[in-house]
Amino acid sequence: MGCLVSTPKDGSGNRRRPGNIGEVAVFVPGLRIPKTVDFLQSLGDCMSKNLLERLTALRTRIVVMAAHEGHAAAKPRKRTATQHGGSTLAELQQALEDYLPVLLGLTKDGSHLKNMVQFVWVNQEDEAEETAISNAWYEVLSVLHLMAVLSLSQANLLLLPKTSTDGYQPKVSEESRKTSVDVFLKAAGYLDCAIRHVLPHIPPEVRRDLPVDLADGVLQALCQQALGQGVEIQLGMAIDSAKATLAVKRRLACEMVKYWHQAQENIMQLLLTNGWGEKHQYFVKWKYVEAKAAAYYYHGLILDEGNTEQSHTMAVAALQAADEFLKESRRACEAFNSATPTSKNPPLWGTMKYLSEKIPKDAASKVRINRDLYSYERIIETAPTLPDFALALKPDEYQLPPVDSAWNFEDSLVKGSATGPVRS
């Protein structure tokens with residue numbers, strides 16, 4: 001069993017709490033930062049010096065780079081690929097990928113090394129300042145979470161509008177949009193692997209003590225969030241395409257609703273009381289309501305193509321609902337941005353720029369009744385049920401890498417060493 005030490009926040013300064021994180025196109029949870037581990041003290045009698053030095057070097061590199069990235073992420077500025085992030089994120093991602101195969105040697109079946117090293121990470125969404133657990137699978141879980149968060153950071157950089165050379169309004173290129181979808185699927189893949197292939201290895205008594213950053217609900221919500229934002233980008237590209245039909249746009253919008261609904265179902269069950277956690281919940285709520293505005297809008301347009309009085313009545317109800325959800329999404333957006341750490345929206349573009357203009361206009365042109373007589377609750381109550389489509393976007397299939405070959409030369413040493421007590 002892993003030994004747990006959970007330290008509450010005490011003003012020690014280990015955890016950076018930025019007041020402002022600048023423009024946000026993609027919500028990125030606060031980075032969990034690893035702290036230095038003394039592998040020599042924990043494993044010095046069980047492993048060769050070479051492998052100990054390699055483990056130490058690989059993890060120390062991550063500690064230094066993650067601390068630097070956490071410091072940079074806390075600065076309130078508009079981040080672009082040229083200002084910060086592109087190369088740094090890629091280098092840290094590569095460092096994590098280099099570390100995993102060597103780390104996984106500690107998790108080999110039958111190995112007593114699994115619980116001998118106490119891994120310490122600084123939390124962000126949890127009230128506990130840091131969490132130390134003597135379980136190598138906890139370290140693997142933390143690494144995958146960090147890889148996913150770095151991918152979300154990359155997607156945020158890609159989706160912040162850049163000022164165009166022709167002097168027109170800042171925009172996001174088609175290439176950046178397409179790349180962001182791939183990045184979202186990669187992030188979802190890391191999280192899906194963590195949920196299905198890493199969490200089951202952690203004993204229930206240790207899982208109960210995991211920081212909320214790594215709770216199953218948060219991991220599930222982040223995974224669905226990545227897929228939901230990927231579909232939003234696909235919907236935006238469909239809106240720009242003359243070949244995309246209303247039926248295609250409606251399907252994408254309805255799928256987006258389901259992803260965000262699943263994200264909300266997971267994250268709203270958790271007690272997230274500090275700034276990062278509450279802001280995360282606000283973001284999911286905002287995007288869920290925004291997705292419903294898009295889905296009801298396209299559903300209303302298709303219903304309006306019907307030739308019956310009932311279809312036109314249902315179309316009006318759907319468009320009214322879309323308009324109300326759009327208004328609610330703006331309030332939810334304000335709540336998200338004002339929550340600590342504060343943030344702001346980048347210039348409006350893509351899906352929501354289009355819908356913010358079209359929904360009020362089309363809803364007003366179809367509605368022939370005095371809307372003042374209808375409350376928000378009445379409008380939502382009379383809205384037709386959205387069609388239920390199977391979800392098409394799936395996480396990339398990420399598999400943990402094979403254990404580094406250097407461990408083959410350690411087997412005899414590990415088997416021959418006496419099993420010592422768990423150090424914590």
Side-chain angles (χ1 to χ4, degrees), residues 1-4 32-66 90-121 131-148 150 186 189-203 205-207 210 214 396-424:
M1 183 177 99
C3 174
L4 170 108
R32 297 186 73 244
I33 308 297
K35 298 188 72 173
T36 302
V37 167
D38 190 344
F39 286 108
L40 179 60
Q41 181 181 10
S42 303
L43 302 173
D45 297 331
C46 308
M47 291 172 53
S48 68
K49 181 181 178 181
N50 286 342
L51 192 51
L52 279 171
E53 289 179 347
R54 190 172 172 202
L55 262 174
T56 300
L58 287 169
R59 197 175 191 279
T60 300
R61 181 183 177 207
I62 293 168
V63 169
V64 173
M65 295 179 70
E91 290 170 3
L92 179 51
Q93 192 89 4
Q94 185 60 55
L96 292 164
E97 292 176 6
D98 292 343
Y99 175 52
L100 262 183
V102 185
L103 168 64
L104 285 168
L106 297 176
T107 70
K108 294 172 71 174
D109 289 341
S111 172
H112 67 280
L113 302 180
K114 180 171 56 180
N115 298 321
M116 292 186 68
V117 182
Q118 187 178 78
F119 295 100
V120 186
W121 287 71
T131 304
I133 298 179
S134 299
N135 186 293
W137 283 112
Y138 164 67
E139 175 82 343
V140 175
L141 181 64
S142 297
V143 168
L144 287 179
H145 177 268
L146 181 52
M147 290 169 71
L150 293 176
K186 183 186 296 183
Y190 295 141
L191 294 162
D192 186 60
C193 177
I195 294 163
R196 296 195 297 119
H197 301 299
V198 178
L199 276 177
H201 286 286
I202 300 178
E205 63 273 17
V206 178
R207 286 182 64 170
L210 289 174
L214 302 180
D396 279 353
E397 187 176 348
Y398 176 79
Q399 296 181 344
L400 291 173
V403 173
D404 190 276
S405 59
W407 281 96
N408 295 334
F409 300 100
E410 296 293 317
D411 285 346
S412 58
L413 178 61
V414 171
K415 290 177 181 178
S417 64
T419 302
V422 177
R423 304 185 184 186
S424 59

(request) Begin from the C-alpha positions of Arg54 and Phe39 and carry the test side chain to side chain contact (heavy atoms under 4.5 Å, CB included) through to its verdict. (result) CA-CA 10 Å; Arg54 190 172 172 202; Phe39 286 108; over 6 Å; no
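- Side-chain atoms of Trp137 and Leu106, non-hydrogen and from C-beta on, never get closer than 4.5 Å to each other.
- Although no hydrogens or angles enter the test, the distance criterion places no donor-acceptor pair under 3.5 Å between the side chain of Asp396 and the main chain of Tyr398.
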(message) Walk me through whether Trp121 and His145 qualify under side chain to side chain contact (heavy atoms under 4.5 Å, CB included).
(response) CA-CA 12 Å; Trp121 287 71; His145 177 268; over 6 Å; no
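- In plain terms, the two heavy atoms of Ala406 and Asp404 that are nearest each other are N-OD1, 2.9 Å.
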(message) Is there a side chain to side chain contact (heavy atoms under 4.5 Å, CB included) between Leu92 and Ile62? Walk through the geometry before answering.
(response) CA-CA 7 Å; Leu92 179 51; Ile62 293 168; 4.3 Å; yes
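- Between the CZ atom in Arg59 and the OG1 atom in Thr36 there is a gap of 7.5 Å [rounded to 0.5 Å].
- Considering all non-hydrogen atoms of both residues, Asn135 and Pro203 come closest at ND2-CD, 3.8 Å.
- Separating the CD1 atom in Ile33 from the OG atom in Ser142 is a distance of 11.5 Å, to the nearest 0.5 Å.
- The minimum heavy-atom distance linking Val37 with Val120 is given by the pair CG2-N, 4.4 Å.
- Between Leu100 and Leu144 the shortest side-chain heavy-atom distance falls below 4.5 Å.
- Note that the CG atom of Leu52 and the CG atom of Asp38 stand 9.5 Å from one another [nearest 0.5 Å].
- Between Gln118 atom CD and Thr131 atom OG1 the span is 10.5 Å, to the nearest 0.5 Å.
- Residues forming a side-chain hydrogen bond (donor to acceptor under 3.5 Å, both in side chains) with Arg207 (at least two apart in sequence, or on another chain): none.
- In this structure, Pro101 and Pro402 approach most closely via the heavy-atom pair CB-O, 3.6 Å.
- Between Leu51 atom CG and Thr56 atom OG1 the span is 9.5 Å, to the nearest 0.5 Å.
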(request) Determine, step by step, whether Leu214 and Tyr138 satisfy the side chain to side chain contact (heavy atoms under 4.5 Å, CB included) criterion, reporting the C-alpha distance in whole Å, the side-chain angles of both residues, the deciding distance to 0.1 Å, and the verdict. (result) CA-CA 9 Å; Leu214 302 180; Tyr138 164 67; 3.7 Å; yes
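- Here the straight-line distance linking atom CE of Met65 with atom CG of Leu96 works out to 8.5 Å at 0.5 Å rounding.
- Side-chain atoms of Thr60 do not come within 3.5 Å of backbone N or O of Ala57 as any donor-acceptor pair.
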Report all side-chain donor-acceptor pairs from residues 193-202 shorter than 3.5 Å, counting only partners two or more places apart or in another chain.
residue : atom : partner : partner atom : Å
Arg196  : NE   : Asp192  : OD1          : 3.3
Arg196  : NE   : Asp192  : OD2          : 2.9
Arg196  : NH2  : Asp192  : OD2          : 3.0

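- Residues Leu146 and Tyr190 form no side-chain contact, since every pair of their non-hydrogen atoms from C-beta on lies 4.5 Å or further apart.
- No option in Glu139, Arg61, Gln94 other than Glu139 meets the side-chain hydrogen bond (donor to acceptor under 3.5 Å, both in side chains) test with Tyr99.
- The shortest heavy-atom contact between Leu191 and Ala148 is CG-CB, 3.6 Å.
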